[in-house]
Number of protein chains: 4
Amino acid sequence: MAGSVNKVILIGNLGADPEIKRTQDGRPIANLRIATSESWRDRTSGERKERTEWHRVVIFNEGLCKVVEQYLKKGSKVYVEGQLQTRKWTDQNGVEKYSTEVVLQNFNSTLTMLDGRNSGGGGNFGPDDAGSGFGSGSPSGAAPRRAAPASSHRGDMDDDIPF
Amino acid sequence: MAGSVNKVILIGNLGADPEIKRTQDGRPIANLRIATSESWRDRTSGERKERTEWHRVVIFNEGLCKVVEQYLKKGSKVYVEGQLQTRKWTDQNGVEKYSTEVVLQNFNSTLTMLDGRNSGGGGNFGPDDAGSGFGSGSPSGAAPRRAAPASSHRGDMDDDIPF
Amino acid sequence: MAGSVNKVILIGNLGADPEIKRTQDGRPIANLRIATSESWRDRTSGERKERTEWHRVVIFNEGLCKVVEQYLKKGSKVYVEGQLQTRKWTDQNGVEKYSTEVVLQNFNSTLTMLDGRNSGGGGNFGPDDAGSGFGSGSPSGAAPRRAAPASSHRGDMDDDIPF
Amino acid sequence: MAGSVNKVILIGNLGADPEIKRTQDGRPIANLRIATSESWRDRTSGERKERTEWHRVVIFNEGLCKVVEQYLKKGSKVYVEGQLQTRKWTDQNGVEKYSTEVVLQNFNSTLTMLDGRNSGGGGNFGPDDAGSGFGSGSPSGAAPRRAAPASSHRGDMDDDIPF
DNA sequence: TTTT
DNA sequence: TTTT
């Protein structure tokens, strides 16, 4: 369909250490549980109330999975941008179940660490550059124009995509 | 929790006419089914493929529900901005189920019609102004500053929230 | 116009302490300078490069201005959500100038603190509740449904907007 | 910097036909003028008011530029997702000027047509697939997982990026 | 002018 | 300069 957008943006904390699994052919899949909370003052009672929402985040990208594995842990605060997907599965009793997840897979997906506590670099993912395209957020991997001379062969989107 | 964001942005088409229900005390709740699609060319086969995702959108807002009721129908294209919420319920067999929905409820929620086919006004919601704050999108209900004289008592956020 | 969206989302750090001014009739206006940065590895040289972008953020909302005044300072990390506005003005030499700013004014605007360093509460804005609707991010001020009994008169958007 | 986000989302109409220029080395750059509008009812006068904001959108991507050239024209409605950049230049009188633009360049950029009027396909960009990764919106170019067998070598982000 |  |  033309003209479709499916985007989720979350900022929250990991409720547990990430789980990294591998497909049969060796590609990693990272699973995160992220909590977002909202608080408000109840209008009738005047009490402060809070509500926490838990999100399942699934990452199908090798570079991002490395970042997750190396830098994220229970309590880490992250920004994630992905898309909604609902998956159907059958449990051991033959009951159909649905799970809706925030999937980071394609080129519009982003994961950014928002606390520097977990790594020395706080998003600076080291010399192997594993996470260079993703770990430092949505702008990563982008080549700023104008910094480069107009006649240069770089500064183009084609050039700097790290995956 | 401080520093939490939970935001979903969808552009898609209604797969069916909206369902409007009412709570016991008479407040409306609108349910939408929205499809988003993505297409891509398979790298190995070279075939064009397509995948459609269906989203449950629930609207807890009287003004927005009126807009939905009056202008949206099967096939309408909309922009919605809301938040993810997962609801637990028990089916008739006593099995626990979960449903993840995009909820439009608070002041950060938006619904915008993206086709003019369904109404003469295409988002211009008539003299009763039922939808004035929502139907024309996120900026609606906002008072542009600078258009108003600096000494005016309006132009403030307090003044023009229509709900 | 129907079907219009104008939204900016930034996560960055304040390059200076906020400036708070007041209109003639006493309403506050906060100005922030926010830096966002992107880094990438140059494809030809292999060097790591970085580029910083500076944004002007203007806040026309009393509650948000209080939060800014109390908790933000040079170096603070924030999430802001607002809209793009370009303003024309004439300098002292009679030259026309344009300034494009990220404006937080209407009900779709959000400001969230992303570091707890600046306040004990890290977004928990105390008993006077000055920032209750904004400081804890986009979901704030929202009334979670379903937590409230279905027959309650609250849980509606109308009820809990704090401004 | 770690933890930085710079994102603009617009839905609006083109105020003029796109302008496509080329760099010295032949890469295309598309310039769009996009209008977004907001309307509200003035609280004191009760009048309906409207305000239009004009945005400069610059596209540094060959595939996206082809889509723009082929399908967009004055009046077209589009969804764009890019980042804010302010550019400094000196006019013919030696006066320094600044221009803030919404730049679509990197892998997080998106352009989606929201009206089908301009093309038969309404985002279906033909056999040469020029726009396949962009024209159908943010999810485009993504390989849905789970549709592919788990042992497959595709379904990975690496596989289907069209640029 | 921030941050890493 | 768009759109409704």
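In the text below, chain A, chain B and the rest are named by the order of the sequence lines, each starting its count at 1.
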Chemist: Rounding to an integer number of Å, can you tell me how far D:R33 CZ sits from F:dT3 P?
Modeler: 15 Å
Chemist: Got a sec, which residues hit side chain to side chain contact (heavy atoms under 4.5 Å, CB included) with A:E69, two or more places apart in sequence or on another chain?
Modeler: A:I20
Chemist: Could you check how far CG of D:D115 sits from P of F:dT4, rounded to whole Å?
Modeler: 10 Å
Chemist: So which nucleotide from E:dT3, F:dT1, F:dT2 ends up closest to the side chain of C:S37?
Modeler: E:dT3
Chemist: Rounded to whole angstroms, how far apart are NE2 on C:H55 and P on E:dT3?
Modeler: 16 Å
Chemist: Could you tell me how far apart A:Y71 (OH) and E:dT4 (C1') are, to the nearest whole angstrom?
Modeler: 12 Å
Chemist: Check this for me: does the side-chain of D:T52 come within 3.5 Å of the base of F:dT2 through a donor and an acceptor?
Modeler: yes
Chemist: Please report the distance, rounded to the nearest Å, between CE in B:M113 and C1' in F:dT4.
Modeler: 10 Å
Chemist: If you check every side-chain atom of C:A16, which of F:dT2, E:dT1, E:dT2 has the closest atom?
Modeler: E:dT1
Chemist: Could you check how far CG of D:D17 sits from C1' of F:dT2, rounded to whole Å?
Modeler: 11 Å
Chemist: Side chain of C:N13 only, please: which of F:dT3, E:dT1, E:dT3 is the nearest?
Modeler: E:dT3
Chemist: Given D:S99, which partner from the list D:K88, D:Q85, D:R87 fulfils the side-chain contact (heavy atoms from CB on, under 4.5 Å) test?
Modeler: D:R87
Chemist: Send over the distance from C:L14 CG to E:dT4 P, rounded to a whole Å.
Modeler: 14 Å
Chemist: Rounded to the Å, how far apart are C:E38 CD and E:dT3 P?
Modeler: 19 Å
Chemist: Compare all side-chain heavy atoms of B:V80 with those of B:I34 and state whether any distance is below 4.5 angstrom.
Modeler: yes
Chemist: Residues in salt bridge (charged side-chain N to carboxylate O under 4.0 Å, His left out) with C:E47, at least two apart?
Modeler: none
